[in-house]
Structure formats: C-alpha cells, structure tokens
Visitor: 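First the structure, then my questions, so here it is.
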Number of protein chains: 2
Amino acid sequence: MAKYRDLILEIIKASSGHMTAEAIYLEAKKLQPSIAVGTVYRNLRLMTEAGEIKRVVMANSPDIFDISTHPHAHLICQKCHTIADFSISNLEEHLQKLTGLEILGYDLNVRYICNICKKKGIG
Amino acid sequence: MAKYRDLILEIIKASSGHMTAEAIYLEAKKLQPSIAVGTVYRNLRLMTEAGEIKRVVMANSPDIFDISTHPHAHLICQKCHTIADFSISNLEEHLQKLTGLEILGYDLNVRYICNICKKKGIG
DNA sequence: CTAAATGCAAACTATTTGCAACGAT
DNA sequence: ATCGTTGCAAATAGTTTGCATTTAG
C-alpha cells in the first residue's frame with residue numbers, strides 16, 4: 001500500500017522542491033504509465049493532511065506542493081510564477097507577540113520579478 | 001457606465017470589509033434583483049486589476065475581496081474562515097532588506113482559531 | 001479473506017468568457 | 001451611431017469523489 005506516495009515524494013524532491021499536481025502527474029506517468037490523475041491528487045491531499053508536504057496556494061496559478069514543511073516564506077515571480085524559498089527567522093514568534101494570539105502557522109508569499117524575467121524585459 | 005462598481009464597493013464597505021464574490025452577489029441581488037453573477041465577477045476582477053480592491057487567495061475557501069488595499073496581513077480562523085486585518089509596520093521594507101530584491105508586495109495569511117470558535121470547542 | 005489503494009469517469013466549485021442585447025451619451 | 005456594460009448560458013480550470021476493480025499482506 002501507499003504505492004505511489006514515495007514515488008510522488010521522490011519526484012518533488014528531484015525537482016526544485018515545488019511542483020504543481022499536473023507536473024507531478026506527468027512525471028509520475030513517465031515511470032508508471034498506468035497512474036491516474038485522481039490518484040495523484042488523492043495522494044497529494046493525504047500527504048498534505050499528514051503534514052508530509054505543504055500545499056502552497058497562490059493567485060493566478062494552480063496550487064503548488066512544497067517538499068519542505070518547516071515554516072518559511074515564498075518568493076513568487078509575477079511573470080513566470082517560479083517559486084523560491086527563503087526563511088525569516090522567528091517570524092512565527094514575532095507574529096505571536098504582535099497579535100497576542102496562539103498562531104498555528106502562516107503563509108507568506110512575496111511578489112517580485114525574478115532576474116530571468118527582468119532581463120526578458122516588459123512583455 | 002460602471003453601474004455596479006459603486007454598488008459593489010458600498011456592499012463590501014458595509015460588511016466587515018472582506019467578502020466572497022458569492023456573498024457580494026447575494027447582497028447586490030437584494031438591491032438590484034436583475035444583476036447576474038457574471039457581472040459581479042467581472043466587476044470584481046476589473047476593480048482588482050485597477051487596484052480599487054484586493055483579492056485575497058486562501059486555502060480551502062473561495063477568494064475574498066478586501067476593501068483595504070494598503071499592505072497588511074490577514075488573520076484567518078481555520079474553523080470559520082473569518083478574516084481580520086492587522087498591520088505589521090515596515091514589513092515590506094524589512095523583506096526588501098532581507099532579500100535584497102525589489103519587492104512588489106506580499107500576501108501574509110496567519111492561521112489561528114478565533115475566540116468564538118475556541119469557545120465552541122473541538123468539533 | 002480483507003482492507004487499503006487504484007483507475008476511470010463523472011461531479012463539483014469557483015470563476016471566466018462569448019455573444020447578443022441594452023443603455024447612455 | 002457608438003462603445004462600454006450587462007444578462008445569460010456555456011465553457012473552463014483545478015480538484016474531488018463514487019464505485020467497481022485490483023493489489024498486497
């Protein structure tokens with residue numbers, strides 16, 4: 001059982017660490033041609049709920065699954081939608097102090113234009 | 001022209017400042033029964049692109065439209081999905097310094113359980 | 001034998017879009 | 001007359017789900 005869990009984990013790891021469900025499905029299909037989209041989504045959902053991976057929700061593009069589950073922020077290029085991780089030390093504690101609330105976690109997406117897209121210019 | 005823009009703005013203002021497209025549509029329908037969902041979505045999109053309102057994308061619930069467009073974070077209750085604003089001074093500048101990049105903006109959603117849901121207990 | 005996992009297709013949610021009709025200048 | 005705006009319905013994107021079947025222990 002959990003036949004495809006490890007496969008999916010390996011695929012995400014082998015990438016930059018951030019992949020859409022569709023990209024994972026296409027990769028998985030190369031190795032296991034009989035795999036169905038539903039299976040990929042189902043496993044991604046279960047793995048997310050189990051805390052093995054993290055789902056990143058962004059504007060204007062499908063959800064991304066992130067191999068690293070520790071708290072960190074995402075730099076998101078507004079043109080190519082590529083994601084880069086970066087961590088801000090003690091942000092969770094800082095938020096906790098600021099709000100006086102019991103924080104469960106945070107999602108921080110920082111918008112910018114990556115260097116590659118910048119060089120390509122406007123358009 | 002722009003017949004419904006002001007109506008939509010007023011509806012969001014009259015609320016807590018955060019509403020789903022559907023909730024806006026239902027309110028608008030009370031005042032203008034002939035209004036169509038498509039029109040609401042179209043105007044919300046145009047208003048968002050014009051920077052008059054802000055679209056907040058969250059996990060596990062439809063997008064929310066926010067009357068305040070200045071940079072601020074959202075406290076999101078994981079049970080009732082209610083949103084509260086709170087601002088963190090200089091976060092944008094801070095991110096800029098940390099990354100050394102030209103930041104266009106950020107989306108910060110902080111997960112917690114609001115007091116009302118906490119009192120209701122687990123379930 | 002059983003229980004979990006899968007493939008398939010249909011269903012679903014949220015949102016967008018094409019188009020003909022409408023409305024204000 | 002013109003051009004943006006609307007209502008309607010169909011289309012789309014992304015994801016989830018029901019169910020019969022397969023698979024692994």
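These figures come from a predicted structure and were not determined experimentally. A note on names: the letters A, B, ... follow the listed sequences, proteins ahead of strands, and every chain is numbered from 1.
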Visitor: Near DNA chain D, under 4.0 Å by heavy atom, which residues of residues 14-25 of chain B?
Guide: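 Those residues whose heavy atoms fall under 4.0 Å from DNA chain D, taken from residues 14-25 of chain B, amount to none.
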Visitor: Enumerate the residues from residues 49-64 of chain A whose closest heavy atom to DNA chain D is under 4.0 Å, giving them by residue number; use none for an empty result.
Guide: Arg55(A), Pro62(A), Asp63(A)
Visitor: Who passes side chain to side chain donor-acceptor pair (under 3.5 Å) against Arg111(A), sequence neighbours left out?
Guide: Asp107(B)
Visitor: Grab the CZ-P distance between Arg5(B) and dG4(D) for me, whole Å please.
Guide: 12 Å
Visitor: Just checking Glu93(A): does its CD atom have more than 12 heavy atoms from other residues, nucleotides or ligands closer to it than 6.0 angstrom?
Guide: yes
Visitor: Between dT15(C) atom P and Asn43(B) atom CG, what is the distance in whole Å?
Guide: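 Those two atoms, CG and P, are 15 Å apart.
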Visitor: Rounded to whole Å, how long is the line connecting atom CG of Leu46(A) with atom C1' of dA3(C)?
Guide: 15 Å
Visitor: Do Tyr41(A) and Leu26(A) belong together in a cluster built from hydrophobic side chains that touch within less than 4.5 Å?
Guide: yes
Visitor: Report the residues that fulfil side chain to side chain donor-acceptor pair (under 3.5 Å) with Glu49(A), sequence neighbours left out, ordered by chain and then residue number.
Guide: Arg45(A)
Visitor: Just how far, in rounded Å, is C1' of dC8(C) from OH of Tyr4(A)?
Guide: 13 Å
Visitor: How many Å lie between NZ on Lys3(B) and P on dG23(C), as a whole number?
Guide: 8 Å
Visitor: Without decimals, in angstroms, what is the distance between Arg45(B) CZ and dG18(C) P?
Guide: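 Roughly 12 Å, once rounded to whole Å.
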Visitor: List in chain and number order the residues that pass side chain to side chain donor-acceptor pair (under 3.5 Å) with Tyr25(A), two or more places apart in sequence or in another chain; answer none if no residue qualifies.
Guide: Lys29(A)
Visitor: OP1 or OP2 of dT16(D) less than 4.0 angstrom from a side-chain nitrogen or oxygen of Arg42(A), does that happen here?
Guide: no
Visitor: Tracing side-chain links under 4.5 Å among I, L, V, M, F, W and Y, which residues wind up in one group with Ile113(A)?
Guide: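 ILVMFWY cluster around Ile113(A) also holds Leu104(B).
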Visitor: Could you list the donor-acceptor pairs under 3.5 angstrom formed between side-chain atoms of residues 17-24 of chain B and any protein atom two or more places apart in sequence or on another chain?
Guide:
from: His18(B); atom 1: NE2; to: Asp66(B); atom 2: OD2; distance (Å): 3.4
from: His18(B); atom 1: NE2; to: Asp85(B); atom 2: OD1; distance (Å): 2.8
from: Thr20(B); atom 1: OG1; to: Ala23(B); atom 2: N; distance (Å): 3.1

Visitor: Please, which pairs that meet side-chain hydrogen bond (donor to acceptor under 3.5 Å, both in side chains) have at least one residue in residues 30-40 of chain B, sequence neighbours excluded?
Guide: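 Listed by first then second residue: Glu27(B)-Lys30(B).
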Visitor: Send over the distance from Leu7(A) CG to dA5(C) P, rounded to a whole Å.
Guide: 15 Å
Visitor: Among residues 32-41 of chain A, which contact DNA chain D at a heavy-atom distance under 4.0 Å?
Guide: Gly38(A), Tyr41(A)
Visitor: Indicate every side-chain donor-acceptor pair of residues 50-64 of chain A with a distance under 3.5 Å to a residue at least two apart or in another chain.
Guide:
from: Arg55(A); atom 1: NH1; to: Asp63(A); atom 2: OD2; distance (Å): 3.0
from: Ser61(A); atom 1: OG; to: Ala59(A); atom 2: O; distance (Å): 3.4

Visitor: Could you list the cluster mates of Leu46(B)? Members are the ILVMFWY residues connected by side-chain heavy atoms closer than 4.5 Å, either directly or through other members.
Guide: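 Besides Leu46(B), the cluster holds no residue at all.
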Visitor: ring-ring contact (aromatic ring centres under 6.0 Å, His included) with His72(B): which residues, sequence neighbours excluded?
Guide: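 Per chain and number, His72(B) pairs via ring-ring contact (aromatic ring centres under 6.0 Å, His included) with His70(B), His74(B).
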Visitor: In whole angstroms, how far is the P atom of dT6(D) from the CG atom of Asp6(B)?
Guide: 11 Å
